*Asks:* 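Just passing along the structure, written as structure tokens.
Worth saying up front: this structure is predicted, and the values here are computed from it rather than measured. FYI, the numbering just counts along the sequence from 1.
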Amino acid sequence: MFVRSYEPFDRQDVYDVCVRTGAAGSDARGWYSDDDLLPDVYAGSYLHLEPELAFVLDDGDRAVGYVLGTADTRAWTAAYRRHWLPLVAARHPRVEEPATPEDWLVDQLHHPEQNLRDALADYPAHLHIDLLPEHQGAGHGRELMRAFLGALAERGVAAVHLGVAVDNLGAQRFYARLGFHRIEAASDADVTYLGRLTDVPV
């Protein structure tokens with residue numbers, strides 16, 4: 001098992017890991033009409049726009065975990081709308097009045113500006129990290145996070161944030177062990193936002 005930089009041939013594995021951990025860490029295959037919807041929202045844009053900030057956990061055969069994100073959420077939002085949304089919008093048509101969980105997810109895909117919050121301005125980067133369940137608890141998440149934070153620090157990015165579902169307590173404990181703290185002003189009823197400096201050892 002080793003962490004390495006993302007390569008284009010990893011894309012399908014990253015998509016697979018994303019959907020197989022997409023239900024608060026559990027398998028979300030079959031939840032939506034298209035299994036690519038979740039990764040199109042939470043993974044694809046980063047692989048397309050900032051592949052140099054993507055890292056995977058390789059088991060010797062395929063990617064079984066990943067961390068990816070952006071160094072600048074505001075710049076990513078603009079690039080997403082210009083370069084990513086045109087690639088996926090037709091596959092996931094927008095619903096004018098979202099009523100189902102799938103509708104709301106599609107609405108999120110069409111509105112990357114939802115990622116911009118004034119309370120997160122001091123944490124300009126953001127990330128997503130996922131590992132298949134059978135590879136969790138062995139320190140691989142820490143290795144992935146170390147690679148990502150190191151890449152941000154090399155770019156001079158001082159701090160990073162992420163969002164986690166309020167009911168995903170296991171993930172919250174994992175992030176706390178890695179030095180993340182709650183950003184009170186940014187959190188809401190469904191999502192807790194966490195942040196940390198990039199130059200503090202993981």
*Asks:* So which atom in Gly22 and which in Leu38 form the shortest heavy-atom distance, rounded to 0.1 Å?
*Replies:* CA-CD1, 3.9 Å
*Asks:* Can Leu162 be reached from Leu105 by stepping across I, L, V, M, F, W or Y side chains whose heavy atoms are under 4.5 Å apart?
*Replies:*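 Yes, Leu105 connects to Leu162 through the hydrophobic network.
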*Asks:* Mind checking what makes side-chain contact (heavy atoms from CB on, under 4.5 Å) contact with Ala79, not counting sequence neighbours?
*Replies:*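 Counting only residues at least two positions away or on another chain, Ala79 forms a side-chain contact (heavy atoms from CB on, under 4.5 Å) with Leu49, Arg82, His83.
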*Asks:* Heavy atoms only: give me the nearest Leu47-Ala54 pair and the separation to one decimal.
*Replies:* CD2-CB, 3.9 Å
*Asks:* Any side-chain heavy-atom pair from Asp34 and His92 closer than 4.5 angstrom?
*Replies:*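 In short, these two side chains touch, coming nearer than 4.5 Å.
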*Asks:* Quick check: closest heavy atoms across Ala151 and Phe55, and the distance to 0.1 Å?
*Replies:*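 Of all heavy-atom pairs spanning Ala151 and Phe55, the closest is CB-CZ, 4.0 Å.
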*Asks:* For His135 and Asp59, does a side-chain donor sit closer than 3.5 Å to a side-chain acceptor?
*Replies:* no
*Asks:* Can you give me the closest heavy-atom contact between Val56 and Val14, atom names plus distance?
*Replies:* CG1-CG2, 4.2 Å
*Asks:* Return the set of residues passing side-chain contact (heavy atoms from CB on, under 4.5 Å) with Ala121 (not counting sequence neighbours), or none when no residue passes.
*Replies:*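 For Ala121, no residue satisfies side-chain contact (heavy atoms from CB on, under 4.5 Å) once neighbours in sequence are set aside.
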*Asks:* So, the side chain of Thr21 versus the backbone of Ser26: is there a donor-acceptor pair under 3.5 Å, distance only?
*Replies:* no
*Asks:* Run the salt bridge (charged side-chain N to carboxylate O under 4.0 Å, His left out) test against Arg94 and tell me which residues pass, sequence neighbours left out.
*Replies:* none
*Asks:* Got a donor-acceptor contact below 3.5 angstrom from the Arg196 side chain to the Leu178 backbone?
*Replies:*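 Checked: pair present.
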*Asks:* Closer than 3.5 angstrom, by distance alone: can the side chain of Trp84 be matched with the main-chain N or O of Val41 as a donor-acceptor pair?
*Replies:*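 It does not hold such a pair.
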*Asks:* Take Leu152 and Val160 through the side-chain contact (heavy atoms from CB on, under 4.5 Å) test and state the conclusion after the steps.
*Replies:* CA-CA 9 Å; Leu152 289 181; Val160 61; 3.9 Å; yes
*Asks:* For residues 66-74, tabulate all N or O donor-acceptor pairs below 3.5 Å that involve a side-chain atom, not counting sequence neighbours.
*Replies:*
{"unit_1": "Tyr66", "atom_1": "OH", "unit_2": "Asp130", "atom_2": "OD2", "d": "2.7"}
{"unit_1": "Thr70", "atom_1": "OG1", "unit_2": "Glu50", "atom_2": "OE2", "d": "2.4"}
{"unit_1": "Thr70", "atom_1": "OG1", "unit_2": "Asp72", "atom_2": "N", "d": "3.2"}
{"unit_1": "Thr70", "atom_1": "OG1", "unit_2": "Asp72", "atom_2": "O", "d": "3.2"}
{"unit_1": "Asp72", "atom_1": "OD1", "unit_2": "Arg74", "atom_2": "N", "d": "3.1"}
{"unit_1": "Asp72", "atom_1": "OD1", "unit_2": "Ala75", "atom_2": "N", "d": "3.1"}
{"unit_1": "Thr73", "atom_1": "OG1", "unit_2": "Pro124", "atom_2": "O", "d": "2.7"}
{"unit_1": "Thr73", "atom_1": "OG1", "unit_2": "His126", "atom_2": "ND1", "d": "2.8"}

*Asks:* Which other residues belong to the hydrophobic cluster containing Leu197, where Ile, Leu, Val, Met, Phe, Trp and Tyr are joined when side-chain heavy atoms lie under 4.5 Å apart, directly or via other members?
*Replies:* Val200
*Asks:* With sequence neighbours excluded, give me every salt bridge (Lys or Arg N to Asp or Glu O under 4.0 Å) pair touching residues 11-26.
*Replies:* Asp13-Arg62, Asp16-Arg20, Asp16-Arg62
*Asks:* Is there side-chain contact between Ser5 and Glu52, with heavy atoms separated by less than 4.5 Å?
*Replies:* no
*Asks:* Does anything in residues 20-45 pair up under ring-ring contact (aromatic ring centres under 6.0 Å, His included), and if so which pairs, sequence neighbours excluded?
*Replies:* Tyr42-His128
*Asks:* Can you list everything that forms a salt bridge (charged side-chain N to carboxylate O under 4.0 Å, His left out) with Glu113? Sequence neighbours excluded, please.
*Replies:*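 Checked Glu113 against salt bridge (charged side-chain N to carboxylate O under 4.0 Å, His left out); matches are Arg81.
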*Asks:* Show the numbers, then the answer: is there a side-chain contact (heavy atoms from CB on, under 4.5 Å) between Val88 and Leu109?
*Replies:* CA-CA 9 Å; Val88 295; Leu109 178 138; 3.9 Å; yes
*Asks:* State yes or no: do Met1 and Ile129 share one hydrophobic cluster built from I, L, V, M, F, W and Y residues joined by side-chain heavy-atom distances below 4.5 Å, directly or via other members?
*Replies:*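 Same cluster: Met1 reaches Ile129 through Ile, Leu, Val, Met, Phe, Trp or Tyr contacts under 4.5 Å.
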*Asks:* Short question: side chain of Asn168, backbone of Val164 - any donor-acceptor pair under 3.5 Å?
*Replies:* no
*Asks:* Please say which of Tyr193, Tyr175, Tyr123, Phe174 ends up in a ring pair (Phe, Tyr, Trp, His ring centres under 6.0 Å) with Phe180.
*Replies:* Tyr175
*Asks:* Considering residues at least two apart in sequence or located in another chain, which fulfil the salt bridge (charged side-chain N to carboxylate O under 4.0 Å, His left out) criterion with Asp35?
*Replies:* none
*Asks:* Tyr46 vs Leu127, test: side-chain contact (heavy atoms from CB on, under 4.5 Å). Steps then yes/no.
*Replies:* CA-CA 9 Å; Tyr46 306 99; Leu127 67 87; over 6 Å; no
*Asks:* Cluster question for you: counting only ILVMFWY and a side-chain heavy-atom cut-off of under 4.5 Å, with indirect links fine, are Leu87 and Leu37 together?
*Replies:*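 Cluster IDs for Leu87 and Leu37 match.
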*Asks:* Does the distance from a Lys or Arg side-chain N to an Asp or Glu carboxylate O, for Arg4 and Glu143, drop under 4.0 Å?
*Replies:*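 No, no charged N to carboxylate O under 4.0 Å.
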*Asks:* Please lay out, stage by stage, how Ser33 and Glu102 fare under the test side chain to side chain donor-acceptor pair (under 3.5 Å).
*Replies:* CA-CA 8 Å; Ser33 60; Glu102 179 162 340; 2.5 Å; yes
*Asks:* Give a yes or no answer on whether the side chain of Gln136 reaches the backbone of Leu131 with a donor-acceptor pair at less than 3.5 Å.
*Replies:*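 Yes, Gln136 side chain to Leu131 backbone: donor-acceptor pair under 3.5 Å.
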*Asks:* Under the rule for side-chain contact (heavy atoms from CB on, under 4.5 Å), what residues qualify as partners of Ala138, not counting sequence neighbours?
*Replies:* His140
*Asks:* Find out if a path of hydrophobic residues (ILVMFWY) with successive side-chain heavy-atom gaps under 4.5 Å connects Leu53 to Tyr15.
*Replies:* yes
*Asks:* Taking only residues two or more places apart in sequence, or in another chain, which ones meet Arg117 in a salt bridge (charged side-chain N to carboxylate O under 4.0 Å, His left out)?
*Replies:*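 Arg117 satisfies salt bridge (charged side-chain N to carboxylate O under 4.0 Å, His left out) with Asp188 only.
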*Asks:* State whether the side chain of His161 and the backbone N or O of Ala125 hold a donor-acceptor pair below 3.5 Å, judged by distance alone.
*Replies:*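 The answer is yes, because a donor-acceptor pair under 3.5 Å joins these two groups.
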*Asks:* List in chain and number order the residues that pass side-chain hydrogen bond (donor to acceptor under 3.5 Å, both in side chains) with Asp27, two or more places apart in sequence or in another chain; answer none if no residue qualifies.
*Replies:* Arg29
*Asks:* If you take all heavy atoms of Val166 and Ala189, which pair is closest and at what distance?
*Replies:*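 Minimum heavy-atom separation between Val166 and Ala189: CG2-O, 3.5 Å.
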*Asks:* Closest heavy-atom contact between Ala63 and Val17?
*Replies:* O-CG2, 3.9 Å
*Asks:* Enter the distance from Arg142:CZ to Leu144:CG here, rounded to the nearest 0.5 Å.
*Replies:*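 Spacing of CZ (Arg142) from CG (Leu144) equals 12.0 Å.
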*Asks:* Evaluate the side-chain contact (heavy atoms from CB on, under 4.5 Å) criterion for residues His181 and Leu194: first the C-alpha distance (whole Å), next the side-chain angles of each, then the deciding distance (0.1 Å), finally the verdict.
*Replies:* CA-CA 5 Å; His181 61 268; Leu194 308 174; over 6 Å; no
